[in-house]
Amino acid sequence: RDRLRSRGLGDVYKRQVVECVRKIAGKEADVFIHRVTKNNGIMLDGIVIMKNGSNFSPTIYLNSYYSMYLSGCEINDIAYKVYDIYKSCIGNVKIPEDFFMSFDRLRENIAFRVINYDRNRELLRSIPHRKFKNLAIVYFAVIDDIENERGIVTIYNNHIAHWNVSEDILYSYAMKNTPRLYQAEIKPMNQVVSDMILKESREENIDEMIAHVNRMNEEFPMYVLTNSYRSYGASCMLYEGLLMGFASHIEADLYIVPSSVHEVILIPVDDDITKDGLDEMVRSVNSTELSKEEILSDSAYLFTRENGFE
């Protein structure tokens, strides 16, 4: 799967999809391939359908359909699926024509997320950012809600040049807006796991499994921090006052384990737990359990009530 994501798709496949979508969309639409650099250097090929007079079009990634194509799915069927997604997105998003031209129009929609610094060096050359430990704080604009997901646009250097605003200004608005746009959630690990068991397990001994999870959490308490969209929720660890308030509430300093870009695990500092041990666990999970695009960091962080991040 990662190989498909990181390399370009077959030129014949892309050309055929574009030609079919162009016929479906009609002469009033410009249809073309747009290659996008995603998190951690993942390159995805997307198709853009831009109707005359429109100021917005979603990028619909073709990589997920490539395996269908290789398995014998007709190009025409893939093209109709792509166009259906386009119609659904366009029908649910209403953007004023000058929305992205004026910083004043979108400053309350500026938000941030955190990504790995070293794994995204190429991307970071073209976008405003701020380094935090081995991470980078990057910025985007929230466009609209699309079927319980957020439509977003990454902010590039050419945007802030056009707006004549600095990264400091982006940072100020993003730190204020993001907790409102993406509300943080902290749940005990046993609650998260129990919810997953109830939702997905077909075992007969569910009660016994949940009881075991609860006992484990009593011995080794852990908490999951994410946001209400479960998307790039690791950024919540930088919400002003959030970790300090939580650490004070449970009366303990915290290890912060980056389980993915979407969430972190909060573990009260204990003599039986070492940062080296947590770092080793994180590296193991990153190499065996996560897709390349989901990896945030190869190391845990220490947060104390006295000094904050150390």
*For Glu167 and Tyr139, what are the C-alpha separation, side-chain angles and deciding distance, and is it a side-chain hydrogen bond (donor to acceptor under 3.5 Å, both in side chains)?*
CA-CA 9 Å; Glu167 185 274 335; Tyr139 308 99; 2.4 Å; yes
Taking the side chain as C-beta and beyond, is there a heavy-atom pair between [X] and [Y] under 4.5 Å?
| X | Y | result |
| --- | --- | --- |
| Cys236 | Thr226 | no |
| Trp163 | Ile160 | yes |
| Ile186 | Val224 | no |
| Ile273 | Tyr255 | yes |
| Pro128 | Ile155 | yes |
| Ser166 | Ile169 | yes |
| Ile267 | Ile256 | no |
| His34 | Val36 | yes |

Quick check for you: to the nearest 0.5 Å, what is the distance between [X] atom [atom1] and [Y] atom [atom2]?
| X | Y | atom1 | atom2 | value |
| --- | --- | --- | --- | --- |
| Arg113 | Thr154 | CZ | OG1 | 6.5 Å |
| Met244 | Glu306 | CE | CD | 9.5 Å |
| Lys38 | Thr59 | NZ | OG1 | 8.5 Å |
| Ile78 | Cys73 | CD1 | SG | 4.5 Å |
| His249 | Leu243 | NE2 | CG | 14.0 Å |
| Ser172 | Met175 | OG | CE | 9.5 Å |

_Derivation and outcome, side-chain hydrogen bond (donor to acceptor under 3.5 Å, both in side chains), residues Asp77 and Tyr69_ = CA-CA 10 Å; Asp77 292 337; Tyr69 168 73; over 6 Å; no
Give a yes or no answer on whether the side chain of [X] reaches the backbone of [Y] with a donor-acceptor pair at less than 3.5 Å.
| X | Y | result |
| --- | --- | --- |
| Asp253 | Arg305 | yes |
| Glu294 | Ser291 | yes |
| Ser235 | Tyr232 | yes |

Which pair of non-hydrogen atoms, one from [X] and one from [Y], has the smallest distance, and what is that distance?
| X | Y | result |
| --- | --- | --- |
| Ser126 | Tyr156 | O-CD2, 3.3 Å |
| Leu278 | Ala300 | CB-CB, 4.0 Å |
| Leu290 | Ser259 | CD1-O, 3.1 Å |
| Asn40 | Asn116 | OD1-CB, 3.8 Å |
| Thr304 | Leu302 | CG2-CG, 4.0 Å |
| Val21 | Ile49 | CG1-CD1, 3.6 Å |

*Taking the six-membered ring for Trp, are the ring centroids of Phe132 and Phe309 within less than 6.0 Å of each other?*
yes
*Pair Tyr173 + Phe103: ring centers closer than 6.0 Å*: yes
I'd like to know whether [atom1] of [X] has more than 12 heavy-atom contacts from other residues, nucleotides or ligands below 6.0 angstrom.
| X | atom1 | answer |
| --- | --- | --- |
| Asn164 | CG | no |
| Glu310 | CD | yes |
| Lys133 | NZ | yes |
| Glu108 | CD | yes |

*What do the steps show when you test Asn177 against Asn109 for side-chain hydrogen bond (donor to acceptor under 3.5 Å, both in side chains), and what is the final call?*
CA-CA 7 Å; Asn177 295 336; Asn109 293 58; over 6 Å; no
*Take His162 and Asn158 through the side chain to side chain contact (heavy atoms under 4.5 Å, CB included) test and state the conclusion after the steps.*
CA-CA 6 Å; His162 174 77; Asn158 62 309; over 6 Å; no
*Could you go through the salt bridge (charged side-chain N to carboxylate O under 4.0 Å, His left out) check for Asp45 and Arg35 one step at a time?*
CA-CA 5 Å; Asp45 292 297; Arg35 199 155 200 228; 3.3 Å; yes
*Please work out whether the ring planes of Phe112 and Tyr239 are parallel, tilted or perpendicular, with thresholds of 30° and 60°.*
perpendicular
*Would you please classify the geometry between the Tyr13 ring and the Tyr66 ring as parallel, tilted or perpendicular, with 30° and 60° separating the classes?*
tilted
*Under the side-chain hydrogen bond (donor to acceptor under 3.5 Å, both in side chains) rule, what do Arg283 and Asn286 come out as? Steps first, then yes or no, please.*
CA-CA 5 Å; Arg283 287 191 292 270; Asn286 286 349; over 6 Å; no
*Arg130/Asp168 salt bridge by N-O under 4.0 Å criterion*: yes
*Under 4.0 Å between a Lys/Arg side-chain N and an Asp/Glu carboxylate O for Glu185 and Arg230?*
yes
*Does the side chain to side chain contact (heavy atoms under 4.5 Å, CB included) test come out yes or no for Ile295 and Arg119, once each step is laid out?*
CA-CA 9 Å; Ile295 295 172; Arg119 292 174 183 263; 3.9 Å; yes
_Residues in ring-ring contact (aromatic ring centres under 6.0 Å, His included) contact with Tyr171, at least two apart in sequence or another chain_ = none
_The criterion is ring-ring contact (aromatic ring centres under 6.0 Å, His included); which residues satisfy it with Tyr83, sequence neighbours excluded?_
Tyr86
*List the steps and the verdict of side chain to side chain contact (heavy atoms under 4.5 Å, CB included) for Leu225 and Tyr223.*
CA-CA 7 Å; Leu225 169 61; Tyr223 305 86; over 6 Å; no
*Decide salt bridge (charged side-chain N to carboxylate O under 4.0 Å, His left out) for Asp279 and Lys275; before the verdict, give the C-alpha distance in whole Å, the side-chain angles of both, and the deciding distance to 0.1 Å.*
CA-CA 6 Å; Asp279 289 347; Lys275 185 178 180 302; 3.0 Å; yes
*asked:* Could you walk me through whether Asn120 and Leu123 satisfy the side chain to side chain contact (heavy atoms under 4.5 Å, CB included) test, starting with their C-alpha distance in whole Å, then the side-chain angles of each, then the deciding distance to 0.1 Å, before giving a yes or no?
replied: CA-CA 5 Å; Asn120 288 281; Leu123 175 64; 4.1 Å; yes
_Applying salt bridge (charged side-chain N to carboxylate O under 4.0 Å, His left out), can you list everything that pairs with Lys81, at least two apart in sequence or on another chain?_
none
